[in-house]
Every structure is written in C-alpha cells, then in structure tokens.
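Structure first, commentary second.
A, B, ... follow the sequence lines: proteins, then strands. Residue 1 opens every chain.
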Amino acid sequence: MAQLFRPGANSIAVIVIVAIFAVPTAAIALTYFIWNSPYATDQNLTRAQPVPFSHAHHVGDLGLDCRMCHTGVEKTAFAGIPSTHICMTCHSQIWTNAQMLAPARASLASGKPLHWQRVNRVPDYVFFDHSIHVAKGIGCSVCHGPVQKMALMRQAQPLTMGWCLDCHRHPEQYIRPKDDVFDIYWSTPPDQLARGKKLIAQYLIHTDHLTDCSTCHR
Amino acid sequence: MPSLKTPSELDRRVALKLLASVMAATMARCSRPDEEIIPYANMPEGLVAGEPMRFATTLMLAGYGRGFLGISVDGRPIKIEGNPKHPFSLGATDIFAEAEVLSLYDPDRSTAIHHGDAIATWDEFAADWGRAAQTKSGEGFALVSGRIVSPTTLARIAALKSRVPELRWYRTEPVNDDAARAGSRLAFGRVVTTLPRWANADVILSLDADSLGHGPDELRIARAYASRRGNGAKRQRIHVAEPVWTLTGAAADFRIALRPEIIREIARAVANAYGANLGTPQLPDYAKDFAQRAGNELMAARGKALVLAGESQPAQVHALCHWINAQLGAPVDYLPSQDTVENDHAFELAALAEDLHARRIKALIVADANPVYDAPDALRIADGIASLPFSAHIGLYRDETARACHWHLPLSHALEIWGDARALDGTASIVQPLIQKLYPTRTRDEYLAWLANEAVTNAYDLTCMSWQNGIAGKFDAEWRKALNDGVVANSAAMPLSVAVARVPDLPRTPATRTMTIALSPDPSVWDGRYANNAWLQECSKPFTKQVWGNAVQIAPGDAQRFNINDEDTVDIEVDGKTVTAPAILTPGQADGVIGMTWGQGRLNAGRIGTGIGTRVCAISSHPFARALDGATIRKSAHTVPFRSTQAHTRLQGRTEDLFQIATLAELAHPEHPPKQLPPSLLSVPAKGEYAWAMVVDTDACIGCNACVVACQSENNVPVVGPEEISRGRDMHWLRVDSYIRPHGYTERRGFQPVPCMHCEFAPCEPVCPVEASVHDREGLNVQVYNRCIGTRFCEANCPYKVRRFNWFDYSGDQAYADEGEALKAQHNPDVSARGRGVMEKCNYCLQRISRARKTAEKEDRKIAEGEMVTACQAACPTRAIHFGDLNRADSDVSKLRHAPQHYTLLQELNTRPRTTYLRRIFNSDENG
Amino acid sequence: MSEYLLAEFDTAHETMDAARLASEGGHAAQDVLSHIPIEGIDELLIRPSKPTVGWVMFIAGAIGGALGYFMQWYSAVIDYPIISGHRPLNSWPAFLLVPYETNILSAAIVGLLAWLWMSGLPKPYHPLFFADVTGRAVQDRYLLVFPRDAKLAEWISAHLKPRAIHEVRE
Amino acid sequence: MSTEEGAQTRWIVGIDSLEEINARISAPILDPAHTWRWWVALSFSGGLTLLMIVSVTWLFGHGIGIFGNNTTIVWGFPIANYVWWLGIGHAGTLISALLLLTRQKWRGSLNRFAEAMTLFAASMAELFPIFHLGRPYYLYWIVPYPNLQGLWPQWRSALVWDFWAVGTYITFSALFWYVGLVPDLAMLRERAKSLWARRIYGAFALGWRGSARHWELHERYYRYMAALAVPLVVSVHSIVSLDFAASLEPGWADTIYPPYFVVGALYSGFAMVVVLAAALRWGCSFEPFIAVKHFEVIARVLLTASIIMGVSYATEWLWAWYGGERSERHLVVFLFTGPYAPLYYGQLLFNVVIPQAFWSARVRNSIAAIVIISILINVGMWLERILIVWSTLSRDYLPSAWRIFLPTFWDWALLFGSLGAFMFLFMIFASILPALPAHELRKLWIEENAS
C-alpha cells in the first residue's frame, strides 16, 4: 500500500499552486479585455430602425450638413433627432411614394412620432452636452466617426469613461478650428498637437477643469 | 425670458400632449436594453428640447395673487421661481409657491366627476344641475368660496347671479383679516387694506402682527425688511410683543412675550404717550420697560415709525394703531380692499351654518373651499350640507367637503389654467398655464361660467374677455406684455386718503387666570389646503422643527405647573371639546398661553395628508378665532409621536460660537480683531477659473424655509415620510437650524440655514475609498453618486452633518406612500435621481453652474457676477443667501467675507468652508 | 528508481547520535524523517541544507512594499490626480499604510512559495511512501534515510544499532 | 507572566506516550463520539447561521435602511461588530506568534484553535463592512483593478487601508495556520481510516514526510512568519482604529486610539480564547493539554489588559477635560449621563471592574469563574465598540444634528447570526482538523519528560 497518489500527482499539485495565482489574474485580464471590446461597448452594432435612414446617402452622397437635421446640436445638450416634419420638408418633394418612407408619411399624417432606436448613448448619470463640444472645436466625426460611410448608423467609438478622459486630458489631439467642426472629411494635420494647443488657448478652454468629476457627473 | 406669442401659445401645449422627451429615462445600465429615441412628429415652435423655459404665471395664497415664474422643461413644469417684476414676489418665493409644482403632479388629485362615491359623467351632473336650477329666481341657491379677488372669477359670479338672482354668496377664507377689517371700520368707517411701507420705517412696533410670517404680503415685506438690515446706520429697529413665537418676533431687536390681552395694554401705553388718555396701562414691570422704550423710540422716529397690530388683537387695538400711526405720520398706505364682500369671513361662515340649518339653502355650490374641515364642529356644516337636495363641490381633491356634497367636480391645478388674480394692492396678473391639463378637469371660472349658462366657457377666452376691456385699444401688445412680465401694467390701486376721526376707545378686559390658546395657520400646510403636499409636510416648522404633524407649544413655566415634559402627549380642552397632540416646551413663550396651529388633522386630504396631526379648528365655537380663552391642559392617556428633524431646539452647551450674535454697538467697536485663519499643514489650494462660495446672512434670514423647499424642488430631493423621520432620517440638502438663547426676560432666537460647507480642506473627501466625494477645481465639494458605494464615512466625518444617505430607494421603488410614477414628472432632468445606498448632498446647484458656464463659454466670456444663482438663493425673500466667485475681489461674496460680522462655522476645525455666515445682529446699544 | 534503506530509531537523541556516527563513518545519511524537528541534524547529512527563505522573504517584502507605494503614487499623482480635501497629491504619510501591508503580504506569500520550492513540496507521491514506516515518521518515529545497499545495511545494523531497518523499493 | 511557574510544573499532564497524544488529538476527528449536547450546540449555531443568511438576504433585498442607522449616526452595529470581531481575531495571532517568539511553552495548547478562531472571527469581521455598504455589489471598487473608467481607489481613506490590512491579515493568518497544520495533516493522512479521507488529508499535507529539510525550512519560515505576524497584527487594529482616529470628530480624533484598540483587541480575543478553550477541553476531552494552569495564565493577561483599558478610559476623560474642547467635554458628560449611560456603565463594569477579581488566586484557578468573566469581558468590549460608534455620532459638533440610535430587529439578528456562524464554523473546524498542534505537543511532551 503506502502510496496514496500516482506519480503524476506531483505535477498536478504544482499546477494547482500555479493556478491559484494564475487563474484569477487571467480572469481579471480577460474580463477587462472583454469589457473594453467592441462587443461589450456595442460598437459597430447597427440596429433595426423604422426607416432605414442612410447617413452614407444623405451625408456622403448628397452632402447635407449635420445641422440640417440635428438642429439642436449648437444650442442644447441634445443634438436632436429630427422631427418627422424635418424629414418631410424634402420628402414631400422627392421620393414621395417610396415604400421605405411609408412610416415617416404615416407619422406625419397621424402626428405620432417615429420610434428610433438609440445608437449612441451614455449612461444617464453622464450629462453630456453637444453644444459646448461643438462650440469649442470638437468635430462631429471625432465621436461619431465617418458617418458619410455608414449606410446604417452605428456607434463608432467605445463611449467608455476612459475614452472620454483621453480627450478631456489631451484635447489638443482632437480639437479643430470651429469652422471645421461640421466638416466630416476633416483630417488631422501633421502638426495637430501644436495647432491644438493654440486652439485651446484661443478658445479659452480651461483644461484643468476638464477632468473634474463635476464636469460630467452631478 | 422667452417672448411668448399668444395664439401659437396653445399650439405649443397641444403639442406637448404628445410630449416625447428626448431624454427617455434610462434603465439600469447593466442589462443595456435597447433604448428608443422619440423625436417630435412636429417640433413645437419655440421649444428647445431639454432646455428649461420660464413662463410668468400667478399663484394664489388666501385668494390674493402673487406672480411667479414657472420653469418648464420639455413641457413639464419642474420648478417655481419668483417673478422680479411682480411687487408681491420681487423675485422670491415662499414654500407654498415652491410646492405647487408638486401638487400639480399629485396622484391624489381628483380626476373625475363624482356623485357620492361613484364616478359620474358630466351629462349626469348637468341633468341634476338642470333640475336643481329650474327655479328661475334661484331661491335657496348658495355659493361658498374662499376670498375671491380675481376679476374673471368675480365676473363669473356676477354672471351666475344674473342667472340665479337670489344666489347667496358666502365668502369665507379661513386665514383671514377679520380683526383688521373690523379695526379699519372702527377707525375709518370703511374696510381698507393697510400696507406698511416697511422699508421707510426706522422703528417698528408690532403687536403680535406677524408681518414676516407666511401670508400674501410676506415676500414684499421680507424684501423691505432685508433692505433695512446690515451693520450700518440704515438699520431699523423692531420691537415685537407677542404671545407665541412668530417669524417677526424672532427677527425683532426687542421682543416681549405677553398674553394677548396684555399686549393691548402696550398699545394703551404707547397711545397715552400721544395724549390718547386711555387710562393707566396694566403692565408688569418688564413690559413697562418694553413699552416705554418702544414708545420713546417711535416718538423719536416720527414720520419713520410704524405700529402694527395682529389678528389676535381686537378691532379696538387695530383702530388704536391706526390712530397712533396717524400721529406718527407712519409710512403706511391705505388701499381700497380688493375683497369686495362687505361681511367678515367668520360672520359669513356662521351665516352659512345658520342658513343651512334653517333650511334657507336648497342648492349649494362650493367653489374651491373646504368649509367642512375649516369650520368648528359646533357649526355642523357637514350635517347641513348632507340634508340639502343638491350640493356640488369643486375642488382639487375629494376632500371633506367633497364627501359631504352630492357632487364633486374636479378642479384644474393653477399651473394648468388660464385665469387672473389681483394682489393685495390690486396689482393684476395673469394665470398662465405651463402645461396642458393633465386630467379632464375644468377651472373654477369654467365651471362657474357653465353653471351661469354663459356663452363662453373656456378659461382662456374668459380671461381674455376680462382684459379686452381693461387693456383697451392695443390689446395684443399689452396682453403679450402682461403675459411676459407676469404683471398687468398700472393695475395697482391708488392709495386712499383716509383719516382717523377720533381716539378709539380701548376697553379693558379682566385679566384671566385661565390658559389662552393662541392659534395661527400651520407654518407648513397653511390652513390645511397643502396638507397633501409631501414637501410641505416634511418641511420642518421654524421653531419646533416638527414635521408631519402639529404640536402644542407651551411655556416651560406652564409645563412645570402642569407637570408636562417635552414631547408628552397632552389633551387640550376648551368649550367641552378636546384635542390631543404632543406638547413641545418653548422658551420665550408667554406663560398662560398655549400655541397651536390649524391645518393638520385632515380627514380626506389624500395619501400624504390624511390623518396627520390634529384638527385644531374643531374645538372652538368661534370660527377662525386667533385666541381662545378658558382652555385646560393635561397629560393625555394617548400617545402621539412628535416628529422633528432637529431634536434639540433647546440647545445644551454653549452655542455662542455656532450661532454668533452681535449687537450693533459691539460691531461698531469690535473688542477683538476678526479671527485669523488657523495655520494648516496643507497648502492653500490654487484657485481655479472660479472659486464659488456662499455667504449666508443669518441676520437677514427670517426662517421662512423657502430655501429648503426650493432646494428640494430643484434637486429632486425625495421625501422620506413620517416613519423614516421617526428613525432620525431626512433628506434635506439644506436645513435651517434653529437656535435659542436666553436673554434678559426673554429669549433670542435665530435661524441658520446649513447647506454643504464645501470645505477647502474637506474632511469628507480623504475618507472616501472610491473618490465619490471629491473636489473640483472651482472649489466645489462634489458627490459623484454613480461612484458612491455607500460607506457613509464622509457623513461620519462631516462636522456639519450636511450629507444625506439614501437608506432606502426614496426616489424610486421604496418612495414614501408609494404614489407611483406621476410625481417623477416633476424631477429636474438636469439632476440625477439618487438610488438606494448612495450618499447625496448640496452641490451649490452644480447643474446651474454648469449651465451658466456653458452659456458663458459659448460666448467666450466668463460667468458674470450675479449670473449664477442657486435655487435657495433665488427663493430667499430676504436675499440672505449670497453666492458668487471669490476670485473676483468685487463680487458680493468677496466683499461680505470682509464684513465685520462675517464668521465661519466651526472655524477651529480649520476645514476652511466656502459657505460662511454673517452674524445675527441685534440693533441694540447694549453689549451681548 | 530510487530505493532506500530506512534506519528506524525511537528518540531524537538516538537518531542524532546515529546520524553523527554515520557521518563520521563516511556513510552520512541522505535525510532524516522525524515527527518533530531535530535541531542541528541537517549538518550531519550528505547535503546540509542552507535555506535562504529569510532573504527571499526580505527581498519579496521590499519589492512588495515598493510596488505598493508606486501603485499609489502613480495612480494619485500621475494617472488621475484628483483633489481630495486638498491633501497633497502624493500624501506620503497616508500612503505608507498600504505598502506596510503589501510588504508583509508579499513576504508571506513569496516565503510560502519559497518554502514549498526549497522543501521540494508539494510531493504527494514520493518513493519513501512505499514504506509503511514512513507513515510512522510523521507520528512518533525517527528514520535515517540511506541509499539501498546490502553492505551499507549491514554497516548500519552493526554501527548505528537502529531499532529496525526497512528497505524501500518502488 | 508565568515562565517561572511553568518551568516548575508540567503543562501536559497525564499523558504516557507520544501515541496517546496523537490518538487524543485525532479522536474528535477520526472517532467522534457526538453526544446530544454536541448536536444541540450544532443545531443552535446552525440555526443562528440560518438567521444570518435570512438577515443578509433581507438586507440585500431591502437595503441598509432596515438597520437603526439615521442621518447622523450613519454607522451602527455593522461597524461595531466589525471592530469587535476583528479584535477577537487578534488574540489568536498574538498567542501564536508572540508566544512563539518569546518561547512560551503554554502556547502549544492554544495556538491552533486560537488561529482558527482568528480566521473565523476575521471572516465574520470582514463580512460586516460589506453588509454595511449602501451598494455592496460595488465593493470591488476599493480594489485597484483595470477598469474602463480609468479610476483608482482613493488611497487616503482609512477604509482602503482597512481593505489592505484585513485582506493581508486574513491571507496571512490562513497561510500561517496552514503551514502550522501541514505536519499534523500528514499525521491525519496516516491515521485516517477511509482511503478518501487519507487522500484529502494527504493532498493538503503536500507530501510532508518530516524530512530534515522540511523541518528546517518549516521552522524558519514559521518563525519569520511569526516575526511578521506581530507587526501585522498591531498594524491591523491600529488601522481599524484609524477609521475613527483619522477623523475630525469629537471622541474619535485621539492619538491614543491605535494602542487602545490593539490592547482592546487582545483583551476581547483572549477572553474569547478562554471560552473556546473551556469548550474544547470539555467537548474534546483535552484536559491533559489544556490545564487549569493555562487558564490561570490567561487570567493574568486579562487582568493586565483590564488595567490598561481602565487607564485608556481615564485618559479619554482627562483628555476631554484638559483639552478643553467643548464637544469633547460634552461627549464625556453625555456618556455618563445620556441615554447610553447604562451601556457605558456596563462597559466600565465588565471591562475594568469585574476583571479585578483576577487578583484573587482562587478566581484565577476556577475555570468556571474565568469563563464567566471572559464572557462578560466580551460583552463589555462589544459595548465599548458600539459606544465608540454611537456616542460620537450622537453628539457631534452641531447640536442640531444630535440624534439617538435605536437598534432594530435586523441589527440584533445579524449580530447573533454572526455569533452563530462563528460557533458553527468552529465546531466544523474541531471535527475535521486537529484543534491542537500534535507535533508541537509531542515536542513539548518530550521536553517535559526528557529528564
């Protein structure tokens, strides 16, 4: 008798001891990786919309300005989802009988609004304000990506707090001249950092306050 | 203020019916359900989604209108603020105005016509009314209402009278001015409204006149009062003689507590000094000193001296005061009374009872009044109504009177209606809706117009009709301006020139040995009409700090005499009727006087108000009497809990350094130089772009609680309910601490509003393990709710105990009284609703700072001085709360920080608060 | 294939004497199995052990403590400086407590691993367990371990006078 | 202490052989003779454990509003329970480590179960701060871990220190305890009857053979751990005391707190050791190992600690008076005259007055008396903990914030539930693991019988 274990038990014992340390570490790392992945942040997810509105067509092909439909973006926290009325200013003239626009026509007729599925969102304890970002030279495409290429709207950035902080800590990486805010084709110039710093000074942005909790949470 | 366009005004509200806030409430994030965005089908013109808009409107207290601004977001009224252009608001609010926005969404509001207990249709009511109204002359028809000074409503009553000529209108307001009316008749031979020009008085003697207490004139007087505070020569001196504490008494420089019948002797003493020759006043020695000093000072300040009498004093005292004021050349205006009914209120109520029991009434309409609750039981109003063939009640709630009547018709809330009102001086203002009617209700005018068979029965048209003639010619522009300003220009009445014919007689009353009950409206729920408002029920009363109930205030001497301890439950008996309530010992109250308040003990108020407290109005056979003699007091066999938010109003230990007091004399010659900041190992923080700070002037503060309710409204502060209060929990971000300190033959009282101190060396921050309590660069001590895990270390380590913890989900699933979702419509969308297990506290209205900053930054400028106003600051009728940027040397707060009366609460702890105080100053030559 | 001779003794004293004799006789024992520690006996074995677990723990503790401080300093000063009651960003007095604990924790954990590593544990399977008497060694016996060798067995029997000699074969 | 006497007489009596030691220590595990008393005790403690589980379920469902805490007394039972339990734990470590380093022979009879007591008490202790959280599911935020918010714990908070201290303490105690257990697990591996029991003990014994190298490293590591344990244990309750002392509050912001807490911890812990020792001696027939003499020695320790506690209390009064700070002074008056005064007098009576009975040799040699006094000391120490929390928060700087704490059913349920769970765990421990260190007792027996 005497031996309780087979020789392989020695290796297993060592593996168990290593695992006691390795498994939790790996689990934390994996969790972080998954939570930060587009899968968990809902990035690049398109959602079924009542009307399959294409930014690629309206912005990319037709070259409409963002503010044409998102009327509140310069004035209010919410950029604003256009009312059916705004859709129909054009579509009462063109594509008046298109099948895909039937819900919009029904909405206008009944006065019942369209129910769009939200694509970009932050938690309700984050008080994001479009107007101030737009006013201080943060372009639409910084957060919303190349909408002119999106047939269906999708979330282009992770919208996590860490992602927000990246810009709030170093806005010079992203800031652009106010005139270019709505230019979806704007690309970062090679001397962006120098330009960005100048713009920060020019726009009187107090960067120290940007990472205060109270900037976004209250 | 946004400009308003009249006709499309209505379009806007129609659209709001389809309201779809872009800000759909997000659910808990963990499961991330899909979320919808619902835009407008057709965006209403002028509306900016998610942005607050302000509309001028009018709210009524005791029938008189006061102009306010309603703040509305996405079509939901969320806040009431003062209207600077209205002379009876002057930009400030009181607790009742602030709380109306909660009443609007009250799920207990009546939403349907009732016949008995059953829901009925309009047609059924119309048929019954048709039958009742068949007699052409309208014999036996009666209308009961409170005080009505609205031109449109008066026109409706006139119209109703033309339909039923025999209509008898009983106008009876529970908190009324009967004594003043009688005194005015005695002095001038007619009823006039007396409006003191408080700001013009150097010396004021108040004979139990609670001018700074709640009422339609409070805000106007409070502002004038504030303009004469401070440490300079402009300061006025106030003498008050009163039986129980009032806000005016607490604000006085010299105060004396006397039984009501002795107070008139003071009037006699003062009048004698002017040669009235009314006989020797019978005063105790200390009262003689008081009377002499007050009399001398009044005399010396002739032309700038004022004497006022309160409702507890008989007509003769009022008349005598008019006479004294005439001798003094007092700054006081006499205006025609807006209340056109000649009879007094108590008389009308008694008449109603008599006519009911004498069967002189056959059909009764009660328009927004609650006589069944208000009237003493002895009048048996409910029995009288029950015996009628037809009775209908129009009201916001199915209250006591509604249940006595056959019919109940639901009334629209003031924030949903068109209408008009006049203020005390006749200033007219329009009642403008902020939201379309939430339920199928009608306004008082609409009901009356329908009952009168008028052609027009729509409130908007009715209101317009009243003013088309009044603002003749250029109606459109003037109307728009009236809506925009919240005041109809030049509508105030001209002062009358009246004279006091002769020295009124002042009969002596035999000194009674019995206990006298001094009655007053409840400081929180007024005459009971606000009893179902949870904010007001949980708004602690200025002196007792009681919430959710009413108490009996007795002087410590009497307590000893009757062997009653603090918070014992007592029975008060008068005229064979008994009420039971907890007793609270109140130093500085006159011996032999029991202080009680009306307004509680509602039987059918709703989920919030029913059964709270004791119905004091039951006991007297004299309706609305302010003083009842012959009361007895004894310990009760029952136990009624006393609930308060400050258990220790009678502070043990030394409080001199907490609530600091100075006399004017001391400030002129300060004994000690102002305290230097204690040294600290910590470096003085570098100031950010702004350095926000608050200075609270305890000298200006009158303890009216407007700031408390304003804060609650602005910041989505939940109520916790009586059970939680009994467990010692409350949620107010801003509390008003009450201090009392013996002084000579009386006590000195004061109020200290305590919001978060926003300490620079905040003790709460380093103890938070997760950075939920942190500083921002502008000096705000902020609480990040979504980061908070609820260790409560911050509150444990807060020397000021200003933090509030959500023990339960007070604003969600575990809300008091479980009233459902409707109340959430009131929530300010700019402020997070805090969930269970999270600490919260005052953040200097961070949402307002944020908004101000963004507005300024978009214009590439800094926030201007005075641009950023906190909710409490905005509400304060005495402008006691100052807020601003310490980085500006010329800002209000920077200057006040150098005032000689400036001090820091618990300075020795060296927490370096950003909220600091100004001392309470007594205008006295003595020291201490 | 390890094969052993186990010389069994009753007391620590006897074991010690036997180990000394064996060592002097040029047949130093490979190991001792005993139910209680015998002080100084390892010097009489073939490969006297020079355990350095103390140094390992010291270094691990020092590194753990330093990492503890670094973590705080990096997070509070470099990564996300947040104002907390206007205490200095590098609030070193307050930051000493966590390193104190990480120091002890690292020393203890690394020490445990070092103990296991140096002791050759865990070894649930070991040739010596083939002998039943090994089981007694953790209860009340003392065993000197020698390589299996018939001549050596005789020498042991003659010179060390053990209570018994056991052979271990796999 | 009693080194002199210890040298004169034996600590282990009535044992004839090493095998008897092994047999006696293994008996409760391998040949349990469970009497009805044992089952009653197990069901009683199991029932209380169930009560704890119900309480916690209720707590998580309804929120911490179910406790008696209020706006200003934001801390209540859970914090007091935490401090109390953790304090109890400290005696185990100190007995084990300090007595090892000072080569006290009476350690051997106590250290194993005292360390188990440490583990269970510390486990009970660390549960309470979790129960007390408003949002316990976010507890992990006080741990530095990679996160999407880019946030870290706030290192200046005593609660973060607590986390590291208690986390280290529990891990450390478990290691220390386990390392000491290994040779005994090897013994059980050999003595257990069923193959599976042998394998399980065998797996945890790691293949311990008692080789010279094993012993050499074991002794060294164990001794280094003991050397680390003493500063650790002092730091843990010092840090716990900083939950209060690193504040601004009257009655809390005292420099005396850390030593006062450590002594208090030792005091309540030794008292709990007495109770457990008496239970084991009686329940497991460990009379030969746990002698009256052991109790006598602990009684002396308790007496010393009670005097230190008395001095500490007096120092607080002196401080308040001499310091002259209004709030501090008022707090002392409040303790003596306020609504908590009966509790405060209880605290003084149980912690300071009654233990003075230990001056009497007769009391010191009566196990029953020592056990009763120890229980009273534990009650007294709990009162001290709850009063530390209550009194300061009830009487803060601003009188407007003065409140009184009224405990609820759930406050008590969780306290007694944790006592039950502790007892339950301890009974389980005593039935599956050797409650006394057999190898150390064998060594001691050999030493004592060498001459």
inquiry  = With ring pair (Phe, Tyr, Trp, His ring centres under 6.0 Å) as the criterion, how do D:Trp58 and D:Phe409 come out once you've worked through the C-alpha distance, each side chain's angles and the decisive distance to 0.1 Å?
reply    = CA-CA 12 Å; D:Trp58 188 263; D:Phe409 168 77; 9.4 Å; no
Does a side chain donor of either [X] or [Y] reach within less than 3.5 Å of an acceptor in the other side chain?
X: B:Arg749; Y: B:Ser738; value: yes
X: D:Glu126; Y: D:Tyr169; value: no
X: D:Asp162; Y: D:Tyr82; value: yes

query = Do the rings of D:Phe334 and D:His330 sit parallel, tilted or perpendicular, given the 30° and 60° boundaries?
reply = parallel
request  = Classify the ring geometry between D:Phe405 and D:Phe77 as parallel (under 30°), tilted (30 to 60°) or perpendicular (over 60°).
outcome  = parallel
inquiry  = If the test is ring pair (Phe, Tyr, Trp, His ring centres under 6.0 Å), which one of B:Trp245, B:Phe659, B:Phe543 qualifies with B:Phe751?
reply    =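 When B:Trp245, B:Phe659, B:Phe543 are each tested with B:Phe751, the ring pair (Phe, Tyr, Trp, His ring centres under 6.0 Å) holds only for B:Phe543.
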query = Can you check side-chain contact (heavy atoms from CB on, under 4.5 Å) on D:Tyr260 and D:Glu316, steps first, answer last?
reply = CA-CA 10 Å; D:Tyr260 161 54; D:Glu316 286 200 312; 4.1 Å; yes
inquiry  = Check this for me: does any side-chain nitrogen of one of B:Arg803 and B:Glu795 sit under 4.0 Å from a carboxylate oxygen of the other?
reply    = no
message = Can you tell whether the side chains of B:Asp657 and D:Arg326 come within less than 4.0 Å, N to carboxylate O?
response = yes
key: Cation-pi, B:Trp807 ring and B:Arg729 (6.0 angstrom, 45 degrees)   = yes
Side chain from CB out, backbone as N, CA, C, O: work out which of these in [X] comes under 4.5 Å of a heavy atom of chain B, or both, or neither.
X: D:Ile66; answer: both
X: D:Ala246; answer: backbone
X: D:Ile64; answer: both
X: D:Phe67; answer: backbone

ask   = Between D:Tyr344 and D:Tyr340, does a ring pair (Phe, Tyr, Trp, His ring centres under 6.0 Å) hold up when you go through it step by step?
value = CA-CA 6 Å; D:Tyr344 192 62; D:Tyr340 306 139; over 10 Å; no
With a 4.5 angstrom heavy-atom cut-off, is it the side chain or the backbone of [X] that approaches chain D, or both, or neither?
X: B:Gln814; answer: side chain
X: B:Glu765; answer: backbone
X: B:Phe793; answer: both
X: B:Arg836; answer: both
X: B:Ile789; answer: both

task = Please test B:Lys801 against D:Arg403 for side-chain contact (heavy atoms from CB on, under 4.5 Å), starting from the C-alpha separation and ending with a verdict.
result = CA-CA 11 Å; B:Lys801 291 287 176 276; D:Arg403 308 266 158 102; over 6 Å; no
message = Quick check on the interface: out of B:Val720, B:Thr645, B:Thr791, B:Asp737, who has the most heavy-atom pairs with chain D under 4.5 Å?
response = B:Thr791
key: Residue selection (most heavy-atom pairs with chain D, distance under 4.5 Å) from B:Gly837, B:Cys788, B:Pro769   =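 The residue among B:Gly837, B:Cys788, B:Pro769 with the greatest pair count is B:Pro769.
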ask   = Can you name the residues of residues 141-157 of chain D that have some heavy atom under 4.5 Å away from a heavy atom in chain B?
value = D:Trp141, D:Ile142, D:Leu151, D:Trp152, D:Pro153, D:Gln154, D:Arg156, D:Ser157
request  = Spell out the residues in residues 68-76 of chain D that have some non-hydrogen atom less than 4.5 Å away from a non-hydrogen atom of chain B, in order of number; otherwise answer 'none'.
outcome  = D:Gly68, D:Asn69, D:Asn70, D:Thr71, D:Thr72, D:Val74, D:Trp75
inquiry  = For chain B, which candidate among D:Ser247, D:Ser327, D:Ala158, D:Pro250 shows the most heavy-atom pairs at distances under 4.5 Å?
reply    =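 Most pairs with chain B among the choices: D:Ser247.
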request  = Kindly indicate, with the supporting measurements, whether the criterion side-chain hydrogen bond (donor to acceptor under 3.5 Å, both in side chains) is fulfilled by B:Thr698 and B:Tyr739.
outcome  = CA-CA 11 Å; B:Thr698 60; B:Tyr739 283 91; over 6 Å; no
query = Can you find a pair of side-chain heavy atoms, one from B:Phe642 and one from B:Asp566, that are under 4.5 Å apart?
reply =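 B:Phe642 does not reach B:Asp566 side chain to side chain.
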